Amino acid sequence: MAPDVPEKFLKPYDPTATEGAIYKKWEESGYFNPDNLPGERAEAFTVILPPPNVTGTLHVGHAYEDALQDIVIRFQRMRGKKALWIPGTDSAALPTQARVEKDIQKEEGKSRYDIGRDELVKRVTEFAKNSESTILSQVRRMGASLDWSRYAYTMDEARNTAVFTAFKRMFEAGLIYRGNRIVNWDPKGQTTISDDETLYEERDAKLYTFRYSKDFPIPVATTRLETKVGDTAVAVHPDDERYRQYVGQEYDAVFCDVPVHIKIIADPAVEPEFGTGALGVTPAHSQTDWDIAERHDLPRPQVINEYAKMEVEGRLHGKKTAEARELVAEWLQSEGLLEKVEDIKQNVSTSERTGAIIEPLPKLQWWIDVNKPFTIPYSEIPGVASGSETTLKALMRAAVESGAVDMPQEGFRKTYFHWIDNLRDWCISRQIWFGHRIPVWYRGEESTVSETSPGEEWSQDPDVLDTWFSSALWPFSTLGWPEKTADLETFYPTSFMSPAYEILQLWVSRMILMGTFHLGVVPFNIVFIHGLVRAKDGRKFSKSLNNGVDPLLMIEKYGADALRMGLIVGAPLGSDVKFDEQKIKGYKLFANKLWNITRFVLSQDSTGEIKPELKAEFDTMAQDVTKDLEEYRIYMAAEKLYHYVWDRFAAEILEESKGKPEYGATLYYLLENSLKLLHPFMPFVTEEIWDSMPSKKDLLMVEHWPVA
RNA sequence: GGGCGCUUAGCUCAGUUGGUAGAGCACCCCGUUUACACCGGGAUGGUCGCAGGUUCGAGUCCUGCAGCGCCCACCA
């Protein structure tokens with residue numbers, strides 16, 4: 001007797017009708033939390049979700065990342081691991097504040113100074129809260145099996161404690177210092193920004209060749225004439241025969257009303273081929289020049305202020321830089337000191353956020369010293385003994401070089417080392433209001449590190465920390481550090497980290513820095529960098545191009561399973577994914593195929609023996625897929641399953657079985673195990689089908705993986 | 001300037017340790033025989049960027065070249 005097929009299978013599979021209910025079932029089961037998982041589970045498998053910024057809504061790049069990690073975590077859960085995937089969101093200080101400031105400007109015509117610090121922080125916090133819930137509901141729609149009971153936000157109480165503790169310990173180790181250094185100053189945003197937040201634009205510029213005075217022996221070329229009032233030296237290459245005789249001489253001049261004292265020095269940083277081969281050294285307004293001035297112990301007067309206006313006596317006083325440049329050119333002309341003016345193309349660095357031209361300025365900032373030796377109390381990093389002397393840079397290198405952090409993609413490993421080798425101190429202070437405030441308090445000349453005010457006369461440092469400071473603690477701050485929690489004991493180091501290559505330096509390397517310093521243990525065992533999801537024409541998705549794809553719309557049209565498969569199949573980890581709606585549509589059809597296979601199989605009796613040759617064939621495929629998953633060839637595992645199920649199981653085996661009841665047991669075997677293998681990739685449709693399988697005991701998400 | 005990567009069918013891309021080129025989509029033809037028309041069957045389509053080399057054998061390894069892309073630096 002053929003059993004009755006449940007009625008739902010008589011219609012095509014409808015993801016929108018089932019996905020919500022399935023997710024609810026998963027959540028209510030408690031299995032997202034590894035503490036509730038059935039059976040003995042010795043080994044932990046931990047993944048932390050790269051926390052999305054609370055600036056907006058989920059985009060297709062997040063969807064891709066969610067799909068990838070969910071596949072990995074579901075696979076490991078089914079393999080019997082204590083699988084934990086921690087959700088969270090990032091306050092992302094600068095972009096979030098900038099976003100809210102923009103809204104306030106637009107709607108109320110007010111700047112942050114009109115509103116004031118407390119009110120602005122309040123509004124940004126509110127915005128973040130709203131944005132947070134939007135994003136989280138979207139992550140759920142993807143089917144992400146995240147343990148919501150361990151949800152973390154970079155600015156919640158536990159994470160604030162972690163940030164404070166990390167700061168304090170690094171400060172006490174002498175690795176955090178305050179120093180005057182050249183920073184990227186954004187005159188429009190009135191803040192320092194990191195190198196990563198600047199963009200270079202090619203612009204037309206004039207290259208002026210001039211002398212400081214009639215008796216000055218060497219002509220100098222520059223595009224920034226107005227800064228020359230801040231010059232303290234002229235540098236030439238040590239091997240440059242033309243100028244060797246002048247090295248060591250000093251000259252006084254009055255340059256456009258400003259007295260200057262210029263020393264001629266030799267420094268290898270100078271490019272003899274460029275311009276006249278002599279560099280006017282303006283220590284306060286150029287990084288290169290600052291470094292040269294440091295090497296030669298030169299004075300470093302500041303001549304441009306925070307508003308990009310001249311801060312000198314005489315005719316340039318108070319002028320904007322561009323205007324001052326003209327005035328200097330006129331003055332040089334009238335004095336007969338201007339030798340040449342050429343049109344050139346110049347790369348100008350601008351602020352990614354405000355578009356303003358960056359003004360390099362010396363500022364008092366907080367820094368993390370990556371080269372300073374310190375004694376590491378405890379270390380599990382191979383090659384770094386507990387109690388030995390090391391540096392942060394050395395730790396970052398050792399972590400990957402030793403294989404403690406496995407970075408299997410050779411190209412990215414090379415990029416990482418290249419970056420480490422060129423690493424400079426990390427500027428961690430930002431002149432904005434939203435974020436973790438620097439926990440340093442001042443009273444006159446005194447200063448102290450404290451989480452709360454040490455007393456009435458103390459005032460706190462006005463700056464906040466670079467958002468990456470808190471993000472860098474994420475692999476252990478989410479597990480309760482600095483408390484010695486059971487979670488930290490069980491789930492650290494995390495197992496698998498898969499960020500986009502864009503943030504290899506920004507985030508991955510800094511997590512390694514913080515993890516190795518604070519715990520003496522690397523933050524993750526393996527890093528698999530993934531690519532970007534791009535538009536079909538290969539361009540990045542961006543607001544300005546208006547070429548964005550809303551993942552929710554895709555889910556509504558094709559279902560989350562189809563979206564997951566469409567994003568995963570076809571591109572190995574690390575290479576970019578071209579977004580193709582047709583492909584997603586194809587996997588919706590696949591979900592329906594699976595649905596109809598079930599309809600047929602459920603109409604058969606599960607009688608007879610499982611055919612050994614078909615079982616063997618399946619098991620070989622299953623082993624293959626398992627190996628692919630273990631080695632993170634996720635796209636390939638998905639594709640193999642797709643082909644097996646459609647072209648082999650449905651097209652051949654199932655056709656062959658028609659009218660032959662002895663196939664029954666085989667069909668059930670193949671379907672049940674196909675569902676298990678497909679579950680990490682297409683969790684919704686497989687769980688929904690599983691619910692109707694006669695052998696079902698518990699949710700498919702906690703079934704045993706068919707391959708040991 | 002330094003680093004990394006890509007170039008395979010009309011489009012998007014696979015090709016895991018070198019063994020006679022693959023998928024999806026699109027296009028064309030045929031088909032509604034009860035799992036599925038959200039389907040089935042079939043056909044067309046590639047000198048694997050170019051030039052050398054190693055090898056019995058190269059899309060796969062090596063060298064050079066060209067085009068494209070990304071990251072980092074920022075020459076005043």
Side-chain angles (χ1 to χ4, degrees), chain A residues 5 9-14 195-196 198 200 205 207-208 220-224 227-228 231 234-235 269-282 285-289 292 344 346-349 358 360 409-419 421-424 501-506 531-532 534 536-540 558 562 565-566 569-572 574-604 624 627-628 631-633 635-636 639-640 642-643 646-647 650-651 654-655 657-658 667:
Chain A
V5 178
F9 289 104
L10 301 181
K11 287 187 204 149
Y13 175 62
D14 179 7
D195 292 344
D196 317 300
T198 62
Y200 286 92
L207 184 68
Y208 303 90
V220 167
T222 183
T223 55
R224 302 243 8 222
T227 66
K228 298 292 107 183
D231 282 12
V234 165
V270 179
E271 182 60 63
E273 305 303 318
F274 187 87
T276 62
L279 167 67
V281 180
T282 323
H285 300 287
S286 150
Q287 181 66 54
T288 319
D289 295 11
I292 293 175
I344 59 160
Q346 193 191 209
N347 277 337
V348 181
S349 86
I358 297 302
Q409 295 148 299
E410 203 195 333
F412 291 122
R413 201 167 58 236
K414 282 186 195 167
T415 306
Y416 177 83
F417 287 130
H418 184 248
W419 184 76
D421 291 341
N422 294 300
L423 189 63
R424 294 195 300 216
Y501 55 65
E502 289 183 306
I503 53 176
L504 176 63
Q505 294 94 326
L506 237 37
L532 262 37
R534 293 174 177 279
K536 221 178 163 181
D537 59 10
R539 294 199 287 184
K540 273 193 185 184
Y558 308 111
M565 286 291 276
V569 179
S575 61
D576 289 344
V577 179
K578 298 261 170 74
F579 183 84
D580 183 359
E581 188 169 341
Q582 284 311 309
K583 211 158 99 186
I584 294 165
K585 192 179 166 190
Y587 289 107
K588 179 188 160 80
L589 302 182
F590 180 57
N592 192 56
K593 189 69 173 177
L594 205 56
W595 194 250
N596 282 296
I597 291 169
T598 308
R599 177 174 167 185
F600 179 82
V601 173
L602 288 182
S603 71
Q604 310 297 119
D624 220 19
K627 191 157 178 275
D628 284 336
E631 290 165 15
Y632 297 100
R633 284 188 301 271
Y635 66 103
M636 195 164 287
E639 203 169 340
K640 278 176 187 164
Y642 173 86
H643 281 292
W646 199 311
D647 298 333
L654 199 139
E655 286 302 325
S657 78
K658 285 182 180 171
L667 294 179

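All heavy atoms count here, side chains included; hydrogens, waters and symmetry mates do not. Nothing here was measured: the structure is a model prediction, and the numbers come from that model. A note on names: the letters A, B, ... follow the listed sequences, proteins ahead of strands, and every chain is numbered from 1.
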Q.
Assuming nearest nucleotide by heavy-atom distance, tell me which of A:Y13 and A:R424 is located more 5' along RNA chain B.
A.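 Going by which nucleotide is closer to the 5' end, it is A:Y13.
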Q | Nearest-nucleotide comparison on RNA chain B, the residue closer to the 5′ end among A:T288 and A:F9 | A |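 Closer to the 5' end of RNA chain B: A:F9.
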Taking OP1 and OP2 of [N], is either one under 4.0 Å from a side-chain nitrogen or oxygen of [X]?
X	N	result
A:S575	B:A14	yes
A:W646	B:G40	yes
A:R633	B:U16	no

Among [options], the one nearest [X] by side-chain distance:
X	options	result
A:A650	B:A14, B:A23, B:A35	B:A35
A:D628	B:U16, B:G3, B:A35	B:U16
A:Y635	B:A14, B:C36, B:G41	B:A14
A:A651	B:G41, B:A14, B:A76	B:G41

Take atom [atom1] in [N] and the same atom in [M], then report the distance between them in whole Å.
N	M	atom1	result
B:U12	B:U7	P	12 Å
B:G19	B:C62	P	15 Å
B:U44	B:G24	P	15 Å
B:U34	B:A26	P	25 Å
B:C30	B:U8	C1'	31 Å
B:A21	B:G45	P	16 Å
B:A76	B:G1	C1'	15 Å
B:C11	B:A66	C1'	24 Å

Q) Would you say the side chain of A:E655 and the base of B:A35 hold a donor-acceptor pair, judged only by whether the two atoms sit under 3.5 Å apart? A) yes
(Q) Quick check: any donor-acceptor pair below 3.5 Å linking the side-chain of A:K593 to the base of B:C36? (A)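 For A:K593, whose side chain was compared with the base of B:C36, there is a donor-acceptor pair (under 3.5 Å).
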Q. Is the closest basic N to carboxylate O distance between A:K414 and A:E410 below 4.0 Å?
A.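 Result for this pair is yes, salt bridge flagged.
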Q) Can any side-chain N or O of A:D576 pair as donor or acceptor with the backbone N or O of A:L532 at less than 3.5 Å? A)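 Here the side-chain-to-backbone pair exists.
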Q: Could you label the plane-to-plane angle of the A:F590 and A:Y587 rings as parallel, tilted or perpendicular, counting under 30° as parallel and over 60° as perpendicular?
A: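 Because their plane-to-plane angle is over 60°, the rings of A:F590 and A:Y587 count as perpendicular.
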Q. What is the ring orientation for A:W595 with A:F9, classed by angle as parallel under 30°, tilted 30 to 60°, or perpendicular over 60°?
A.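 Tilted.
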Regarding [X], tell me which of base, sugar-phosphate or nothing describes its non-hydrogen contacts under 4.0 Å with the strands shown.
X	result
A:K658	base
A:L654	base
A:A269	nothing
A:V270	base
A:G411	sugar-phosphate

Q: Please examine the side chains of A:T282 and A:R224, heavy atoms only from C-beta on, and report whether any two atoms are closer than 4.5 Å.
A: no
(Q) With a 4.5 Å cut-off on side-chain heavy atoms, are A:F274 and A:L279 touching? (A) no
Q. Using Watson-Crick and G-U wobble pairs with both distances under 3.5 Å, what is the 5'-to-3' dot-bracket string of RNA chain B, with [ ] for crossing pairs and | for pairs outside the strand?
A. (((((((..((((.....[..))))..((((.......))))......(((((..]....))))))))))))....
Q.
Other residues, nucleotides and ligands only: do more than 12 of their heavy atoms fall within 6.0 Å of NZ on A:K640?
A. yes
Q: May I have the distance from A:H418 (atom NE2) to B:G3 (atom P), rounded to whole angstrom?
A: 7 Å
Q: Starting from the C-alpha separation in whole Å, work towards a yes-or-no answer on side-chain contact (heavy atoms from CB on, under 4.5 Å) for A:V569 and A:Y642.
A: CA-CA 10 Å; A:V569 179; A:Y642 173 86; over 6 Å; no
Q. Who pairs with A:E631 by side-chain contact (heavy atoms from CB on, under 4.5 Å), at least two apart in sequence or on another chain?
A.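 Applying side-chain contact (heavy atoms from CB on, under 4.5 Å) to A:E631 gives A:K627, A:R633.
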